[in-house]
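Working notes, beginning with the structure itself.
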Amino acid sequence: MKVRATIIAIAAPLLAACGFHPLYGGMNGAMSTTLSTIYVEPVPDRIGYELRNQMIDLLDGPGTAGGAAYHLKLALTQTTQGVALQSDPNSSSITRYNDTLKVTYTLTDTAGKTVTSGTETGLSAYNVLPTGLLIPLSPQANYGTLAAQQDADKRAAQDIAERIRLDLNVFFAKH
């Protein structure tokens, strides 16, 4: 315990001398205030709805555009690719998919001038529940596959939202 305190006592002045300061940690209340003035514009589709809500929660931003200092526009594209194939003598089917979510964001000020922009990409994967000759086609299997896809996409949207918030934190910390 005494060694840990000694290491911290030695490292703290060295880190402060090189300009290091934590991006988070509650010491930067101005950053939270700045992020809370960002209005996130609506995004179409279910996954866009999830992404927008996650961004609002992370930024603690206003739910309406009135009074916001910045507007964050998100453009989402999603691609699906089959990555695993199960083959048998009678047929073959895809058993696993990867969904790639690509989000392009643009932060503008109240005058409409672009302040910063960027792109984040996330990957989600899900398995297809088996159906076929040996396992009769069932609504439960289709529903299970749909639920797995939606859950995977939701997790990817949450990951992307956290990375966009981090990008915005870094931008505002530098400017």
Side-chain angles (χ1 to χ4, degrees), residues 1 3-81 97-126 146-175:
M1 194 63 145
V3 173
R4 178 182 282 174
T6 304
I7 291 172
I8 291 173
I10 293 171
L14 294 174
L15 289 174
C18 71
F20 174 80
H21 65 279
L23 194 56
Y24 300 113
M27 295 191 314
N28 196 350
M31 181 67 71
S32 296
T33 303
T34 302
L35 293 178
S36 69
T37 62
I38 297 174
Y39 170 70
V40 183
E41 295 184 3
V43 183
D45 298 327
R46 183 193 55 77
I47 193 68
Y49 173 81
E50 294 285 347
L51 178 65
R52 180 178 186 255
N53 282 346
Q54 187 68 29
M55 287 301 307
I56 291 171
D57 288 344
L58 290 173
L59 299 174
D60 196 24
T64 60
Y70 300 97
H71 285 233
L72 182 64
K73 183 175 184 175
L74 305 168
L76 173 74
T77 57
Q78 180 177 14
T79 57
T80 301
Q81 180 181 23
Y97 284 93
N98 281 349
D99 282 356
T100 303
L101 302 177
K102 181 179 176 184
V103 177
T104 302
Y105 64 91
T106 304
L107 185 69
T108 58
D109 60 12
T110 54
K113 179 183 171 193
T114 299
V115 176
T116 186
S117 61
T119 302
E120 293 291 341
T121 303
L123 178 70
S124 64
Y126 61 95
L146 178 64
Q149 178 189 16
Q150 289 178 349
D151 184 56
D153 290 344
K154 183 178 180 178
R155 283 184 275 118
Q158 290 171 342
D159 180 50
I160 289 171
E162 289 179 11
R163 285 190 274 140
I164 290 173
R165 181 189 63 168
L166 183 60
D167 287 351
L168 295 175
N169 276 347
V170 170
F171 171 78
F172 284 116
K174 288 182 177 178
H175 296 93

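The figures that follow rest on heavy atoms only: side chains count, while hydrogens, waters and symmetry mates do not.
In this structure, OG1 in Thr116 is found 12.0 Å from CG in Asp109, a value given to the nearest 0.5 Å. Atom OH of Tyr70 and atom CD1 of Ile38 lie 7.5 Å apart (nearest 0.5 Å). Remark: Gln158 CD to Asp57 CG distance equals 9.5 Å, nearest 0.5 Å. Atom-to-atom distance recorded for Leu123:CG and Thr79:OG1 is 9.0 Å, nearest 0.5 angstrom.
Side chains of Asp167 and Tyr105: a donor-acceptor N/O pair is present below 3.5 angstrom, by distance only. In this structure, a donor-acceptor pair under 3.5 Å is present between the side chains of Asp99 and Thr80. Between the side chains of Tyr49 and Asn53, at least one donor-acceptor pair of N or O atoms lies under 3.5 Å.
Closest heavy-atom contact between Leu58 and Arg165: O-CD, 3.7 Å. The two residues Gln54 and Ala161 come nearest to each other via the heavy atoms CG-CB, 3.5 Å. Minimum interatomic distance between Arg46 and Asp153 (heavy atoms only, all atoms of both residues): NH2-OD2, 4.0 Å. When every heavy atom of Ser124 is checked against every heavy atom of Ala152, the shortest pair comes out as CB-O, 3.1 Å.
Tested against Asn169, the residues Leu35, Ile164, Leu59 include a single side chain to side chain contact (heavy atoms under 4.5 Å, CB included) partner, Leu35. A side chain to side chain contact (heavy atoms under 4.5 Å, CB included) with Leu101 is found for exactly one of Thr121, Ile47, Asp159, namely Ile47. With respect to Ser117, the side chain to side chain contact (heavy atoms under 4.5 Å, CB included) criterion is satisfied by exactly one of Thr106, Thr108, Leu72, Thr104: Thr106.
Note on ring orientation: taking the six-membered ring where Trp is involved, the planes of Tyr39 and His71 are perpendicular (angle over 60°, cut-offs 30° and 60°).
When side chains are defined from C-beta on, Val115 counts as touching Phe171, because their heavy atoms get closer than 4.5 Å.
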